[in-house]
Amino acid sequence: MGLFGAMTASVSGLGAQGQAISVISDNLANTNTIGYKASRSLFSQLVTSAGANGTAYNSGGVGTSVQRDESAQGSFIASSSKTDLAISGKGYFRVADQASNGTSTSYYYTRAGSFSEDKSGYLVNPDGYYLQGWRTDTDGTVLNVQNLQAVELQSVGVSAQPTTEFSIDANLTSTAALNTNYDTSGSLASSLAAIRADPTLADYTTDVRVYDAQGGARDMTVAFTKRASNVWDWNLYTDGANVQGGTAGTNTALGNGTLEFNTTGTLKYATGTSVTADWSGGVTPSTMTLNFGDYTGGNVVSSASAGLSFTDTTVPAVDSTTIAGANGFDAFSTSLTAGTYTLRRIDATHVALYDSTNTTAVGTDGSVLLTGSDPQTVSFPSVGLSMTTTTGFTAGVTGTADGSPVGTFTVGTTDAGNVRYITSEDTTALSAGTYIIKKTSATTMGLYASNGTTLLDSASIGSSGTREVYFSNSKVRLTVGSGFDETAGTYPTQIGSFTVTTASKLKEGLGSDGVTQLAANYDTNSINQNGFGAGTISSISVDENGFVSGIFTNGEVKKLYKIALAVFQNPGGLEALSGSLLRATDSSGNALMKDAGVGSTGRLVSGSLEGSTTDIAGEFSTMIVAQRAFQASGKVITTVDQMLADLMQLR
């Protein structure tokens, strides 16, 4: 049995080495095959029974198996096509034999990432199998993670995006004089309308082009005018032909607001930054945000009463009083018209408001009760009249007969519409709250607490022209027009009240990344907007995370798909098919579809292909060994044959 066993073992050796040569030849033949993973032959001993005592030996032979190393990483081969893709790390592309997924669709896996666009816009490999991925919105969010589909580009061939935001990076000259085109006898809106009608009245203008929902270009202009120190108004307008109800050749307002700057020239606060354009031509209206930069926030005047607000053009003011027994009183009214009024005694503890002839009651308040001690507040809410009495007022009422005038006072409009702006510059100098400003003499003004009696700060005021009243301790700046009358019939006389709030910073709160106010020339560094006109897709790109982005002729770059990668628990168990395809088996397990670059999943390399892992030098060395082993097995057979021949010749 020994000679026949030796021959049988050698025959198995011939077969095993022949299979090894087959594996080597397959590897060498696929040296240039994209995504090919080289295989190797593994040899194992075949053992027969050696007998119970172990003294007899029966030769067995050799068995072989073939192992494909799916974990080996091939080198990258540069390509001029952006749709040639390589995987750096674990994972496989999933491809399908049909464009639409269905019950009859077969799915395969491959490392060969040579894809191109077919006539229908699908990305396919050279054999026509469809690359699979997830559809995304423009910011890359996967629309349905359960719906892998063929990557298709034709349906997104045209793109347009309306402008929803535009940002301005510019400098407004801090040394510019206050704009003289504000008519403080009218409203702020009328002044801005005049500037809009004649843009040469603005201090600075800059143009911006935006896009509507149909991709149409719309041109607009932003005009800046300096209303007060560190305060500018912005005025956005477009030609009337662009908007519903507009007149071609006439500028139509889209929005306006105010920019307030810190004393360092950085942007402190911006108002009115959301505007809506009702475009002409049956196009969907656009709501846009103007981004002037990440303002710092701080103290801002959130509201101002009549007398301190530009738009209050009919603000009454008490010009003179002749109240019996009193040295005067502060009076302030929001609805009394100019004229003379009588304060009439009803009885020893009540007064009422009448006209100049003391015959007709004014308002609906009737008689007002006096507290009996001065100073006290006497209010007639229906006409907004509030008077703070001085010592002796109650005595004057007591000494007057019922129905007789206690005194008279005259209301004028000398302060009407002559306040340009009021600012609170320092968050530490003045806390949030309500404050009152009064005339304290013909040349001074006072800043009071909300009770109207606690004096917080004083400032002087010039006698003519547009001028500022600066309360240096409280950091409050009041800018008034040339029509402001600094005199009053009696002092102190209240002008009005204002409320200070603390505005939060916007985002980073730099104050210097958008519009600034520095001692430099007017300059627009950049205007950026997020809209696009109509455009067609000109090319695509694929990033390392698998996002397929379309690059359009209008300059837009939009994410369209995200390529999915399949990973397997045992990739060595995949079944190899022709065309560099692999098929899942029970041994490999089911595919788990994952994002590229997440966890252990590989990343994509666009413009590259993964080369074969065949090592020619190594294969040649292995081939020499296999050849010699084959020859040795053959030599054993010839030797055994000779020995058997000798045995047959024995006599």
Side-chain angles (χ1 to χ4, degrees), residues 178 184 227-231 260 262-263 268 298-310 312 315-321 326-333 374-377 386-391 412 414-502:
L178 300 187
T184 53
R227 181 153 41 127
S229 295
N230 302 325
V231 177
E260 189 172 330
N262 296 299
T263 55
K268 178 181 180 181
N299 271 13
V300 295
V301 175
S302 59
S303 64
S305 70
L308 292 179
S309 175
F310 187 104
D312 292 316
V315 179
V318 175
D319 293 338
S320 62
T321 59
N327 295 321
F329 61 86
D330 295 334
F332 179 70
S333 176
D374 298 317
Q376 62 183 293
T377 300
S386 178
M387 302 184 298
T388 302
T389 68
T390 58
T391 302
T414 55
D415 298 330
N418 288 309
V419 174
R420 281 192 173 210
Y421 208 79
I422 182 169
T423 59
S424 177
E425 296 178 348
D426 192 327
T427 56
T428 60
L430 205 65
S431 60
T434 300
Y435 300 89
I436 293 172
I437 292 181
K438 299 181 180 183
K439 298 175 183 178
T440 52
S441 75
T443 58
T444 61
M445 302 183 74
L447 177 66
Y448 289 78
S450 59
N451 59 17
T453 58
T454 304
L455 180 64
L456 303 177
D457 204 353
S458 296
S460 59
I461 180 173
S463 59
S464 63
T466 298
R467 51 210 189 275
E468 290 182 346
V469 181
Y470 185 55
F471 299 94
S472 57
N473 294 330
S474 304
K475 306 297 184 183
V476 171
R477 189 183 302 272
L478 177 68
T479 305
V480 299
S482 58
F484 184 83
D485 185 358
E486 65 278 6
T487 62
T490 58
Y491 300 103
T493 296
Q494 180 172 314
I495 299 175
S497 62
F498 64 95
T499 300
V500 174
T501 58
T502 301

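Only a predicted model underlies this, so the values are computations on that prediction, with no experimental measurement involved.
Residues Thr434 and Ser497 form a side-chain contact, since some pair of their non-hydrogen atoms from C-beta on lies under 4.5 Å apart.
The backbone N or O of Asn299 sits less than 3.5 Å from a side-chain atom of Lys268, completing a donor-acceptor pair. Judged by distance alone, the side chain of Arg420 and the main-chain N or O of Thr479 form no donor-acceptor pair under 3.5 Å. Between the Asp457 side chain and the Leu447 main chain, no donor and acceptor come within less than 3.5 Å of each other.
Across Ser474 and Leu430, no two heavy atoms sit closer than the pair O-CB, 3.9 Å. Minimum interatomic distance between Tyr435 and Ala449 (heavy atoms only, all atoms of both residues): CD2-CA, 4.4 Å. Contact between Ala304 and Leu308 at its shortest, heavy atoms only, is CB-O, 3.6 Å. Nearest approach of Thr440 to Tyr448, heavy atoms of both residues: CG2-OH, 3.5 Å. Here the shortest heavy-atom pairing between Met445 and Phe471 reads O-CE2, 3.4 Å. Nearest approach of Arg467 to Ile461, heavy atoms of both residues: NE-CG1, 3.9 Å.
With values rounded to the nearest 0.5 angstrom, Glu468 atom CD is found 6.5 Å from Leu178 atom CG. Atoms CZ and OG, on Phe498 and Ser302 in that order, are 10.5 Å from each other to the nearest 0.5 Å. Atoms OG and CD, from Ser472 and Glu425 in turn, are 10.5 Å apart once rounded to the nearest 0.5 Å.
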Inset, instruction - Carefully, step by step, assess Thr423 and Val231 under the rule side-chain contact (heavy atoms from CB on, under 4.5 Å). - result: CA-CA 9 Å; Thr423 59; Val231 177; 3.6 Å; yes
